[in-house]
Amino acid sequence: MVKPEKWWWGVLPLLLLTIIAFQYRESTISSDIAQRVDGEAKALGLTATVSGRDVTLAGTKFDADKVKAAVAKIQGIYGVRKVNDITREPPVASPYVWQASRRDGTVQLTGNLTDPSHQDALLDTAKQTFAGEEIKNEFTFAGGAPNGFKEATTAVLSVLPLMKEGEFSLSDTALSVAGIVKNDAVKQQVEAALKNLPAGFTLDKTDISVLPPFQFAVSGKAGQISETGADPSIGNTPDEFAAARETLLKAAALMHEADVSVSGQTVDITGKVKHDDAKAAVLTELKNLPAGFKTGAVNIDTLPPFKYSIAKKAGAVSESGDGPEAGNTPDGFADVKPLLLKALEPMHEAALAINGQTVTLTGTVINDAVKQQVLAGLKDLPAGFKTGDVKVSTLPPFKYSIVKKGGAVSESGDGPDAGNTPDGFADVKPLLLKALEPMHEAALAINGQTVALTGTVINDAVKQQVLAGLKDLPAGFKTGDMKVSTLPPCKYSIVKKGGAVSESGDGPEAGNTPDGFADVKPLLLKVVGLMHEARLAVTGQAIALSGTVNNDAVKEEVLAGLKNLPAGFKTGDVKIDALPPFKYSVSKKGEAIRQAGGNADDANAPEGFADIKAALLKAVGLMSDADLTMTDKAVTLTGTVKNAAVM
């Protein structure tokens, strides 16, 4: 007999075990599918999700054929029931833009790429090409790339290493290039490479500048060598510079003085060497410059002959010229130097020079006896040394002068240090100064013991006084040219124009102002003040006047003012003209009033004309028509009025 309540408890565990077994089998199948599908998906940059026996592919589809093939392959994997393809093609970019730049050790790659393989290829190339530089990748995958785009980016990236700084930009098939290159040769290389772009691609814009030429210099003197230039940060250092630098330093070390300059890869060198063998060694060293470097201007001279000089002036002796460091000191110089210094001791002034081993001398001595002493001292020069030009002369005659100008007296000329002061000069000097006291200006000169004088005095009486003072000169002194003249007549003028009065001419410092001038000056200024325009000139004591006045009455007043001149003064040419009569007119016809002629500020306008003019205009305004004329102060009026009341 069946008892359901008992067998039911046996069915439930069996059912539970069946469900667990089924779930385990499904999980095992899903895990197996996921492992087998994962490789196919990753190869295309996709993700695969497995649910039971169903596979879902997601991600960006860069190659539709490859994705289709992958779907078919996954569908054939054992256990896969269904493949869901939800991949999407990348968005289309327009324009299709790609950029590569290099600056300050950083390579920047940005813009659109077709797929990850394109990106990987470019990054691999960049890492190999720009080893040690930072690579920044900011690419975006997009569709719409023109044909040949991958080849174009590869070609462009191969050119970027040639640029010190550069930026390449592709917009669809148009390429723009900007940047800096090391030299013109590299620029040509870049331009040549950019001509090989894939078919359809064009070079749109090009802006490539060249770095300034590489500069380097070596300077050497007396064994001290210094370097300047060669800045690596500029980026224009040529290849093989290290080897070139070593060669140039060796060449400079062989020279006594050296100036070496490198511009680009051209070497210019100037300087001096001690002898011809050193010059040959320098030229041989320059032949070791590495390939690419070449010599430009080469000017290497042997050292000049030894130069040494002694100068003596005002008792002081100074030496100058080549020292031991010059490398050209002749043998025996240590012995000849004290001999020469001794020979110059009795000389007043001297300039001695040694050129090589030839001694030349110019200078002055007090007398012929000292001259013979000096020449004798130059006869015992050491072997190898010889005398060249020797010009030793006695001192020139004593020179002394006194100048008086503007009341100031100045002296100049030889002093005691000249060594040629004549006997008796101490006595003659105060006599000469006294003789010049009454002179206005003077220039007195002593040449040896001869006295010459030129200058000016106020009058002939003073002239005779000066000449008399020069008659009692001490023994040995004598007078030479004496040119003492009286001063020219006093010149003074007054000009009046446009109401302004100006004065010019000799002042008190001229020394020729006539007696009474202080009295006549205010009188003349007063006379000129009465005139409209005037030009007055005083020559000596003669007065000339020309100009204009307002009328004849003023003219008579001016002439009367010139009659009371101080004693000695007189009038010369006097030309005074009266201004023409003042003219003014007003006419009225209908309602129109017209004026002509004089203005209130005219030089010949009568006093009060401004008030008179207003009254005349008012009168004419009351009339129907009118003609009014005014000559000086006389007024004539004709015309008509409306009625007797207006009259």
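Small disclaimer: the values here were computed from a predicted structure and weren't measured.
- The nearest pair of heavy atoms linking Thr631 to Pro581 is CG2-CB, 4.1 Å.
- Within 6.0 Å of the CG atom in Asn459, the count of heavy atoms belonging to other residues, nucleotides or ligands exceeds 12.
- One finds the CG atom of Asn643 at 8.5 Å from the OG atom of Ser624 (value rounded to the nearest 0.5 Å).
- Separating the CD1 atom in Ile180 from the CD atom in Glu165 is a distance of 4.5 Å, to the nearest 0.5 Å.
- The side-chain heavy atoms of Val527 and Leu562, taken from C-beta on, include a pair separated by under 4.5 Å.
- A donor-acceptor distance shorter than 3.5 angstrom exists from the side chain of Asp506 to the backbone of Lys491, with no hydrogens or angles considered.
- In terms of modelled atom types and a separation under 3.5 Å, the side chain of Lys463 and the main chain of Thr486 share no donor-acceptor contact.
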Walk me through whether Thr360 and Asn355 qualify under side-chain contact (heavy atoms from CB on, under 4.5 Å).
CA-CA 8 Å; Thr360 60; Asn355 188 343; over 6 Å; no
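- Put simply, the side chain of Lys555 never gets that close to the backbone of Ala578: no donor and acceptor are under 3.5 Å apart.
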Would you sort out whether Val574 and Ile543 count as a side-chain contact (heavy atoms from CB on, under 4.5 Å), showing the intermediate values? CA-CA 8 Å; Val574 177; Ile543 299 169; over 6 Å; no
Trace of the side chain to side chain donor-acceptor pair (under 3.5 Å) decision for Ser263 with Gln215: CA-CA 5 Å; Ser263 180; Gln215 301 293 332; 3.2 Å; yes
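- Contact of the Glu557 side chain with the Val549 side chain is not registered, since no non-hydrogen atoms from C-beta on lie closer than 4.5 Å.
- The backbone N or O of Val554 lies less than 3.5 Å from a partner atom in the side chain of Asn551, making a donor-acceptor pair.
- Residues Lys588 and Val620 approach most closely at CD-O, 3.3 Å, considering heavy atoms.
- Side chains of Ile576 and Leu545 form a contact here, defined as non-hydrogen atoms less than 4.5 Å apart.
- Note that OG1 of Thr548 is 5.0 Å distant from NE2 of His532, once rounded to the nearest 0.5 Å.
- Summarising the geometry of Thr479 relative to Met482, their closest heavy-atom pair is CB-CE, 3.7 Å, with the distance given to 0.1 Å.
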query = Does the side-chain contact (heavy atoms from CB on, under 4.5 Å) test come out yes or no for Leu622 and Val641, once each step is laid out?
reply = CA-CA 7 Å; Leu622 295 171; Val641 294; over 6 Å; no
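- In this structure, CG on Leu470 lies 11.0 Å from CD on Gln465, to the nearest 0.5 angstrom.
- When side chains are defined from C-beta on, Val520 counts as touching Leu524, because their heavy atoms get closer than 4.5 Å.
- Within the 4.5 Å cutoff, side-chain heavy atoms of Val451 are placed close to those of Leu444.
- Between Phe517 and Phe569, the ring planes lie tilted relative to each other; the angle falls in the 30° to 60° range.
- Annotation: side chain of Leu344 is in contact with side chain of Leu361 (closest heavy-atom distance under 4.5 Å).
- Electrostatic pairing of Lys221 and Glu257 counts as a salt bridge here, judged by a charged N lying under 4.0 Å from a carboxylate O.
- Distance check, rounded to the nearest 0.5 Å: CG of Asp627 to CZ of Arg594 gives 11.5 Å.
- Side-chain contact check for Asn183 versus Asn236: every heavy-atom pair is 4.5 Å or farther apart.
- Without hydrogens or angle criteria, Asp414 side chain to Tyr400 main chain gives no donor-acceptor distance under 3.5 Å.
- Of the possible donor and acceptor atoms, none in the side chain of Asp268 sits under 3.5 Å from a partner among the backbone N and O of Ser261.
- Between the side chains of Asp625 and Thr640, at least one donor N or O sits under 3.5 Å from an acceptor N or O.
- Of all non-hydrogen atoms in Val218 and Ala252, the two that sit nearest each other are CG1-CB, 3.8 Å.
- Of all the heavy atoms in Leu453 and Ala442, the pair that sits closest is CD1-CB, 4.3 Å.
- Looking at heavy atoms from C-beta onward, Thr362 lies out of side-chain contact with Asp389 at the 4.5 angstrom threshold.
- Shown here is Lys496, whose NZ atom has more than 12 heavy atoms of other residues, nucleotides or ligands within 6.0 Å.
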Before you tell me yes or no, could you show the steps for Gln595 and Tyr584 under side-chain contact (heavy atoms from CB on, under 4.5 Å), namely the whole-Å CA-CA distance, both residues' side-chain angles and the distance that decides it to 0.1 Å? CA-CA 8 Å; Gln595 303 178 64; Tyr584 174 69; 2.8 Å; yes
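- Once rounded to the nearest 0.5 Å, the distance linking CG of Leu616 with CG of Asp611 reads 11.0 Å.
- Across all non-hydrogen atoms, the minimal contact from Asp427 to Pro474 is CB-CG, 4.1 Å.
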